[in-house]
2 protein chains.
Amino acid sequence: MISLTEENYLKALFNLANHAGEVNVNELSKQLDIKMPTVTSMMKKLAGKKLVYYESYKPLRLTEKGKREASLVIRKHRLTEMFLAEKMGFGWEEVHDIAEQVEHVQSAAFFDKINELLGFPKLDPHGAPIPDKNGKLAWVAYDKLSDCHVGETVRVSAVVHTSSEFLKFLNNREIKLGTRIKIKSIESFDSSMVISYDNRPAETLSHAVCERLLVEKKV
Amino acid sequence: MISLTEENYLKALFNLANHAGEVNVNELSKQLDIKMPTVTSMMKKLAGKKLVYYESYKPLRLTEKGKREASLVIRKHRLTEMFLAEKMGFGWEEVHDIAEQVEHVQSAAFFDKINELLGFPKLDPHGAPIPDKNGKLAWVAYDKLSDCHVGETVRVSAVVHTSSEFLKFLNNREIKLGTRIKIKSIESFDSSMVISYDNRPAETLSHAVCERLLVEKKV
DNA sequence: CTAAGATGTTAGAATAATCTAACAAAATAT
DNA sequence: ATATTTTGTTAGATTATTCTAACATCTTAG
Ligand SMILES: [Mn+2]
Ligand SMILES: [Mn+2]
Ligand SMILES: [Mn+2]
Ligand SMILES: [Mn+2]
């Protein structure tokens, strides 16, 4: 049995993993707002459960079992977010905090029903893919808007690090998934972008914003 | 802040309270499947939070604050049950176990939305009243079917101690809230009742069943 | 009214999850 | 290459929730 606390560690490990699947104790500590010694002792515990590979002073890595369990928690989280947004009428900026709690419900029937009522969605309200029942995740590689060039037209496909504040910022400008953005110019001194979309007046987006908007070029 | 564990104790205290609002340590211990010494120490803790009146060897009683907090947990439980049944398609025998977990979500917006989507229901799927936002509960005094007499026609209005098994038993016989039952005869040796309803063949219900069906006589 | 039995409390310990302080190792910057 | 900073671990303590064993009180059946 995996406790609520352990589920949160697994989820964070999965989300922080770099290309090589590695996470540092310090990063995990910051992500969870839990002190490093606590993280170290939890890692030893998860290693005992064969969910994490742990060696002193080495980066942390989820085992295959750990990846699967983490994906299943992420599945519950994203299905919940989608249900809150699509079936209950919450905004995409509201769903994360509630899903953070509901994701820990232990009832396969509950999440199966949500999945069914939603018509087996592939993506959550932030454009993130929903892992399947075996924990398999179909990762699509989007581009950051900040990596695109002047003159290109792109489609907003996902948002990263979806703080409520960032999503409200996008709401205020009516930027959502599917919005087609044309890049008018890029200020070289701060990498901010002047863009146009939806027949609205031109907007300037800071580099911080452009980095968090994931887009597709082939629209 | 009231923890998940404390919420469960409060709920059990509220549900077990007799006419005088009293609960014994032993009953509470059995209800929660937690040993008596643990219950005693938790009662001291809740007394410290002014949620329970506690005196050694005396029956336990919720304070007014305790009653309100307990009612608010029960509100979350019953709204969840109703949502699971009405909006998600779960059977009344399935909703309790899931609601037992979802009731601990801390988000007023979540339960307000559920309430709104349901159209502000007054009763849960088992006929139990849903407390209002202030924890006020409109208790209706129903009769047990077992207290009714031969020849009477009554309407099933609620079920008590809603174990999944009992509810499946009722499902098998198509007895639900609203079913109009006519009492054909009562066996004096075991108090079982022969009843008819919905143009179905006569059924015999044991005393144990009749005690758990709450009915209204004025249909 | 007393002896059992049931109920309730105290004491001491365990587990899970967290912390601070101190120390150790690794990475970085002169 | 050494000193400094950052990162990670160990040790020891704390809080929340639970348990068993032993003892105390209350209730009930002769
Ligand atoms: Mn969580
Ligand atoms: Mn999301
Ligand atoms: Mn509960
Ligand atoms: Mn109910």
Side-chain angles (χ1 to χ4, degrees), chain A residues 1-13 15-18 20-62 66 69-70 73 100-101 103-106, chain B residues 1-13 15-18 20-62 66 69-70 73 100-101 103-106:
Chain A
M1 198 69 301
I2 297 175
S3 71
L4 183 154
T5 304
E6 290 167 344
E7 283 193 337
N8 284 334
Y9 277 93
L10 291 174
K11 197 154 58 80
L13 279 164
N15 286 328
L16 290 174
N18 64 16
E22 297 177 339
V23 179
N24 299 319
V25 173
N26 193 246
E27 294 174 86
L28 187 52
S29 167
K30 281 171 182 152
Q31 169 80 23
L32 294 170
D33 195 22
I34 287 171
K35 297 289 179 290
M36 281 201 292
T38 307
V39 170
T40 297
S41 76
M42 180 58 81
M43 289 308 103
K44 289 176 177 173
K45 186 182 181 192
L46 293 180
K49 291 189 173 193
K50 304 293 183 202
L51 293 163
V52 166
Y53 295 117
Y54 174 78
E55 290 179 87
S56 285
Y57 298 103
K58 296 258 188 74
L60 306 166
R61 274 181 313 119
L62 287 168
E69 294 297 342
V73 180
E100 205 55 48
Q101 298 179 65
E103 70 189 359
H104 302 293
V105 167
Q106 305 209 331
Chain B
M1 196 71 304
I2 297 175
S3 71
L4 183 154
T5 304
E6 290 167 344
E7 283 194 338
N8 283 334
Y9 276 94
L10 291 174
K11 195 153 58 82
L13 279 164
N15 286 329
L16 290 174
N18 63 17
E22 297 177 339
V23 180
N24 300 319
V25 173
N26 193 243
E27 294 173 85
L28 187 51
S29 165
K30 281 171 181 152
Q31 170 77 22
L32 294 170
D33 195 22
I34 287 171
K35 297 290 181 289
M36 281 200 290
T38 307
V39 170
T40 296
S41 76
M42 180 58 82
M43 290 307 103
K44 290 176 178 173
K45 185 180 181 193
L46 293 181
K49 291 189 173 191
K50 305 292 184 203
L51 292 164
V52 166
Y53 295 117
Y54 175 78
E55 290 179 85
S56 286
Y57 297 104
K58 296 256 187 75
L60 306 166
R61 272 178 317 117
L62 288 168
E69 294 297 341
V73 181
E100 204 57 48
Q101 298 179 66
E103 69 189 359
H104 302 294
V105 167
Q106 305 208 332

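By convention in this document, chain letters (A, B, ...) are assigned in the order of the sequence lines, proteins followed by strands, and residues within each chain are numbered from 1.
Considering only the side chain of Asn26(A), dT7(D) comes nearest among dC19(D), dT7(D), dT9(C). For Ile34(A), whose side chain is taken as the heavy atoms from C-beta onward, the closest listed nucleotide among dT25(D), dT7(C), dT18(C) is dT18(C). The side chain of Thr40(A) lies closest to dT10(D), out of dT10(D), dT18(C), dA26(C).
The separation between Glu6(B) atom CD and dT18(D) atom P is 10 Å, rounded to whole Å. Met1(B) has its CE atom 19 Å from the P atom of dT15(D), to the nearest Å. Rounding to whole angstrom units, CE of residue Met36(B) and C1' of dG8(C) are separated by 6 Å. Leu28(A) has its CG atom 10 Å from the P atom of dG8(D), to the nearest Å. The interatomic distance linking Leu32(B) (CG) with dC19(D) (P) rounds to 10 Å, in whole Å. Rounded to a whole Å, the CG atom of Asn24(B) is 10 Å from the P atom of dT9(C). The distance between atom CG of Asp33(A) and atom C1' of dT18(C), rounded to the nearest whole Å, is 12 Å. Look at NZ on Lys44(B): it is 14 Å from P on dG8(C), rounded to the nearest Å.
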Open item on the list: Applying side chain to side chain contact (heavy atoms under 4.5 Å, CB included) to Gln31(A) and Asn8(A), what does each step give before you reach the verdict?
Closed with: CA-CA 10 Å; Gln31(A) 169 80 23; Asn8(A) 284 334; over 6 Å; no
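At distances below 3.5 Å, not a single donor-acceptor pair connects side-chain atoms of Lys49(B) with backbone N or O atoms of Gly66(B).
Nucleic acid contact for Thr5(B): sugar-phosphate only, since backbone atoms but no base atoms lie under 4.0 Å from a heavy atom of the residue. Within the 4.0 angstrom heavy-atom criterion, only backbone atoms of the sugar-phosphate kind lie near Ser56(B); the bases stay farther away. Ser41(A) comes within contact range of at least one nucleobase, with a heavy-atom separation under 4.0 Å. Within the nucleic acid shown, Lys58(A) has no heavy atom closer than 4.0 Å to any nucleic acid atom.
Tyr9(A) has no side-chain polar atom (N or O) that falls below the 4.0 Å cut-off from OP1 or OP2 of dA16(C). Within the structure, every side-chain polar atom (N or O) of Lys35(B) is placed at least 4.0 Å from both OP1 and OP2 of dA21(D). Within the structure, every side-chain polar atom (N or O) of Tyr57(B) is placed at least 4.0 Å from both OP1 and OP2 of dA6(C).
Of the two residues contacting DNA chain C, namely Pro37(A) and Ser3(A), the nearest-nucleotide position lying further toward the 5' end is that of Ser3(A).
Atom CG of Leu4(B) is separated from atom CD of Gln101(A) by 10.5 Å, given to the nearest 0.5 angstrom. Distance NZ/Lys11(A) to CD/Glu100(A): 3.5 Å, rounded to 0.5 Å. One distance of note links CG of Leu51(A) with CD of Glu69(A); it measures 6.5 Å at 0.5 Å rounding.
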